[in-house]
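Bear in mind the structure is a predicted one, so any value in this text is a computation, not a measurement. Just so you know, ligand 1 is whichever comes first in the structure, and atom 1 is the first atom listed for that ligand.
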Amino acid sequence: MAAKPIFILNGPNLNRLGGREPDIYGTMTLADIEAMCRAAAGARPVVFRQTNAEHQLVEWIHEAIDEGAGILINPAGLSFRSIPVLDALKMFPGPIVELHISNIHRREAIYRNSLVSTIATAVIAGLGPRGYVHGVRALIELVEP
Ligand code: DHK
């Protein structure tokens with residue numbers, strides 16, 4: 001039976017990585033990050049997506065509920081206020097790794113209280129774009145039988 005994929009989901013504005021506040025987010029593009037994630041995942045199938053729309057992120061989490069082994073999510077700005085994203089993630093039966101490129105706890109107060117962190121299995125924040133690789137490796141360890 002084929003292994004279930006890990007879902008790597010990215011929220012608003014992450015499509016602008018590469019040129020978006022490089023002093024905070026670095027200069028890697030989301031495509032660069034996707035390539036790193038797929039390499040780190042090895043044989044484990046990967047679903048890698050980004051959206052600026054809350055409803056789309058919710059629908060992809062529903063897809064992960066039905067088909068995914070684990071979720072690595074950078075909810076970006078939807079981390080802090082989105083009840084719909086939080087409620088969808090509460091339904092996910094597998095491990096959830098929350099990822100932020102920046103250390104949100106060292107930034108402005110509006111970025112310090114992630115709702116997603118209240119239900120995530122683990123949180124990675126501040127490792128820069130390379131944090132995604134650590135998140136993939138951790139998630140694969142969590143989902144491996
Ligand atoms: C990305 C965003 O877009 C911000 O809204 C978050 C997060 C931080 C990140 O560090 O990846 O506050």
Looking at [atom], what's its closest protein heavy atom, distance included?
atom: atom 5 (O) of ligand 1; result: Gly77 N, 3.2 Å
atom: atom 4 (C) of ligand 1; result: Tyr25 OH, 3.5 Å
atom: atom 12 (O) of ligand 1; result: Tyr111 CD2, 3.0 Å
atom: atom 9 (C) of ligand 1; result: Ile101 N, 3.3 Å

Are Ile110 and Tyr25 connected, step by step, through hydrophobic side chains (Ile, Leu, Val, Met, Phe, Trp, Tyr) whose heavy atoms are closer than 4.5 Å? no
Assigning hydrophobic clusters by single linkage (Ile, Leu, Val, Met, Phe, Trp, Tyr; side-chain heavy-atom cutoff under 4.5 Å), is Ile96 placed with Val46? no
In terms of atom number and element, which parts of ligand 1 are under 4.0 angstrom from non-hydrogen atoms of Arg107? 8 (C), 12 (O)
Would you call Glu141 and Arg137 a salt bridge, using N to O less than 4.0 angstrom? no
Between atom CD of Gln56 and atom CG of Leu9, what is the distance when rounded to the nearest 0.5 Å? 9.5 Å
Structural part of Asn74 in contact with ligand 1, heavy atom criterion under 4.0 angstrom: side chain
Pairwise side-chain contact, Asn10 with Leu17, heavy-atom cut-off 4.5 Å (strictly under): no
Min side-chain heavy-atom separation Tyr132-Ile101 under 4.5 Å: yes
Heavy-atom proximity to atom 2 (C) of ligand 1, picking from Arg20, His100, Arg16, points to Arg20
Could you tell me whether some N/O pair between Leu99 and ligand 1 is separated by less than 3.5 angstrom? no
